[in-house]
Protein chains: 4
Amino acid sequence: MTESKEKLQVETTVKDAQLIEFRRQQIINAAIVLFKEKGFHRATTREIAKVAGFSIGTLYEYVRTKEDVLYLLCDSIYHEVRQRLDSFPQHSGTVDELKEAIKQYFFVIDSMSDAFTIMYQESKSLSTEALHYVLNKELEMVALFEKLLKNCTELGILKLSEQELFLAANHIVIQGQSWAFRRWALHKHCTIDEFIAYQTNTLLNGILRKE
Amino acid sequence: MTESKEKLQVETTVKDAQLIEFRRQQIINAAIVLFKEKGFHRATTREIAKVAGFSIGTLYEYVRTKEDVLYLLCDSIYHEVRQRLDSFPQHSGTVDELKEAIKQYFFVIDSMSDAFTIMYQESKSLSTEALHYVLNKELEMVALFEKLLKNCTELGILKLSEQELFLAANHIVIQGQSWAFRRWALHKHCTIDEFIAYQTNTLLNGILRKE
Amino acid sequence: MTESKEKLQVETTVKDAQLIEFRRQQIINAAIVLFKEKGFHRATTREIAKVAGFSIGTLYEYVRTKEDVLYLLCDSIYHEVRQRLDSFPQHSGTVDELKEAIKQYFFVIDSMSDAFTIMYQESKSLSTEALHYVLNKELEMVALFEKLLKNCTELGILKLSEQELFLAANHIVIQGQSWAFRRWALHKHCTIDEFIAYQTNTLLNGILRKE
Amino acid sequence: MTESKEKLQVETTVKDAQLIEFRRQQIINAAIVLFKEKGFHRATTREIAKVAGFSIGTLYEYVRTKEDVLYLLCDSIYHEVRQRLDSFPQHSGTVDELKEAIKQYFFVIDSMSDAFTIMYQESKSLSTEALHYVLNKELEMVALFEKLLKNCTELGILKLSEQELFLAANHIVIQGQSWAFRRWALHKHCTIDEFIAYQTNTLLNGILRKE
DNA sequence: AATGAATGAGAGTTCATTCAT
DNA sequence: GATGAATGAACTCTCATTCAT
């Protein structure tokens, strides 16, 4: 899995790269808390700075606009997801590999569900350029699962058209994310493991044509 | 299907009920256009009034706050959905009935995808009370499909636990809505009919246990 | 004397034209006081609103930006100047007419010297477009005196090349304005009448070639 | 010509006098570029430091406040003017000497017109104390020409009252400076030599009373 | 002597809401 | 019932200045 587009640069007045990394992580953490609580528009930059632990002036040394904070947050999600998916042990058996990927993906979402929810609800507030970048990351996610599904078809385990490949991959991505943005409904009825089990079974059964 | 909660009342200074109905529909239509274009927070009440065709003063004769506009919009969605689902011809064959319900549901979403997307992204801006009301409507939707699925299990066509019943219903509702909020990705790959076909097949195949 | 360019429009949210006129005059008056005292940049829009007698919100109903206030001020100066010069009685004798025009011009400046000084020092803060508009008004002023001087040359009283015509007209305009922006030096040494007498004599003697 | 007031001291933490001189010249040069481009208020201290070639911290080793930069700039103008006027060869014939002084003065202005324009438009941003110092320098300039004119009256070439002496000197100073601050209008119509010729002739003709 | 990250008061602007007409 | 001018709290962002290194 490779990044398809250059990262959009968020301008800084600070020169020390390590410090930038560190402060931006503080900003992102603060933003997750606040955007979750009150949404992007109701959270103020002053609050973000305060929760991050520094002054409003300092915030703006690491970020040009409030929108940059949202972009940083969205970007960090995919960074995290990629790290996790890249690091899980690769199986030879491809259906198992697919299952494992789904599991890992759902786990990341579970562990970052606030961030995912924010991204879902607020990414529309990004500039066109940043939004395109983020949606593109999303498509990379879909493409990853398309690839894994395709591997299965090549082994003859599945028979899927290109369209079905896409729809199935899309299906996985959405259901995974729904674990985040529909917490309120789902958590009352099952655990993440049960959810993963149901989704994996339904999908694979649904896709496997045994006639 | 019955409405579980009393409709939340949006106060008015105007008496004429028909006029209220009429003006509110104008408000909702204007809001759909503007919230889609710029989101709830960036759209101003002045703009809403202007697009609706009257003055800001008049807007506030039919609505107490800006949030009321969002609430009215969300509420009208479920009103519309219910009307459509209630009116389609009921079959005796229950799997067919389920299929038909799915189809109708996806069709409503397709025809109101802007409104659905807005609801998805902006409902967090509602007050706790209004949000609960809306989420409750959402659960009624899920319950509707749970009921239809349950009918199938009772005929022995499906074997599903309570949990699976809920997850499957939830699955339908989410995939349907994804047709609205993931337009940008889905519309390039398939038509609404193809999407319905894929979702219906996958779900039913995935659920039917043939061992 | 005709206005060479369309007036630049300053946008408003208010519809009542008379009210706009009235409020803008209040804004200009407040701005003259404050810009004189602390300059354009140090005067705040809040102060302007306060001195004008209304709230900051109201200020922004009649003006889009702070720069608009400055533009309104500059524009009103030329409006005033034109009114005064257009209304003085026209002589037949052209040198007398020139003298009278100079006198009237210097009088207007004397009566609006704060506004003139502000324009001199702050017009650079206008947008390119607005600045061009204002400088153009300034050139119209020069052109007016060029015309009056030209009348004299046509009667054979003066012999001036095109360049000299321009320089002499320019000379009048600058010396007049210096009465405003060099108050601090000039007022200690002479009255406006003495200043006018000196400038008129020097200019006419300087220009008249008697060899 | 003697300096009438002690130079205002701009405090420093640095000891090395030569270095101070050197760095301040860098600061002034940077300030001329930036103040010309965006004015005193819009130019930031950071930018000044950057253009000057060092860090913001260093800037504040040589200057107490941003206003000091403006003061330094204004002060350097008179320093330059004095150097030039003091160094031109003194004639015995006093009208020629006056003419030569005018010429040299206009030449300095031409070569430093950015700095002069800045002084004209921004000196109001100086503190009262610094402003008085600068205006005083200005009056010294006027006094210089008063002196030269007086020499002529004493030789019987001119007959001028004290007031006329002042006004004529003032006239020269202003017209000279107008070559800087009215560049936009004048440069299209004549060269500096033509301008000097016109101003010198008009003034002398205007002043010489031969009846 | 030089650096540059940190600070926070303060500025311009917006916009939901009110209320007299 | 309809209008639209008035309001002011609240928000984002800037930038002169400081001080530890």
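Small disclaimer: the values here were computed from a predicted structure and weren't measured. By convention in this document, chain letters (A, B, ...) are assigned in the order of the sequence lines, proteins followed by strands, and residues within each chain are numbered from 1.
- Legend: residues meeting side-chain hydrogen bond (donor to acceptor under 3.5 Å, both in side chains) with A/K50, ordered by chain and number and at least two apart, are absent.
- Remark: the B/S76 side chain and the B/R24 side chain contain no N/O donor-acceptor pair separated by less than 3.5 Å.
- Nucleotide E/dA1 forms a pair with no other nucleotide shown, judged by Watson-Crick or G-U wobble geometry with both contacts under 3.5 Å.
- Between D/F181 and C/F181, the ring centre distance stays below 6.0 Å.
- The stretch residues 10-34 of chain C does not touch DNA chain E, since none of its heavy atoms comes less than 4.0 Å from the strand.
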Q) How does protein reach along nucleotides 15-21 of chain F, written 5' to 3' as B (base within reach of a heavy atom under 4.0 Å), S (only sugar-phosphate), or - (no contact)? A) SBBB---
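- C/K38 has its NZ atom 12 Å from the P atom of E/dG10, to the nearest Å.
- Look at C/E47 and C/K38 and you find a salt bridge, because one of the NZ, NE, NH1 or NH2 atoms lies within 4.0 Å of a carboxylate O, short of that distance.
- Atoms CZ (C/F54) and C1' (F/dA5) sit 12 Å apart, rounded to a whole Å.
- Remark: B/K66 qualifies as a cation-pi partner of B/F40 under the 6.0 Å distance and 45° angle criteria applied to the six-membered ring.
- Base pairing annotation: E/dA20 forms a Watson-Crick or G-U wobble pair with F/dT3, both donor-acceptor distances under 3.5 Å.
- Shown here, E/dA9 forms a base pair with F/dT14; the pair counts as Watson-Crick or G-U wobble because both key distances fall under 3.5 Å.
- The phosphate of F/dA6 (OP1 or OP2) has a side-chain N or O of C/Y62 nearer than 4.0 angstrom.
- Looking only at atom types and distance, the side chain of A/Y62 has no donor-acceptor partner in the side chain of A/D68 under 3.5 Å away.
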**Q.** Worked verdict on D/R42 versus D/E37 for salt bridge (charged side-chain N to carboxylate O under 4.0 Å, His left out)
**A.** CA-CA 9 Å; D/R42 284 214 246 273; D/E37 191 186 323; over 6 Å; no
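- Salt-bridge annotation for A/K124 and B/E122: present, with a side-chain N of the basic residue lying under 4.0 Å from a carboxylate O of the acidic one.
- The interatomic distance linking C/L59 (CG) with E/dA11 (P) rounds to 15 Å, in whole Å.
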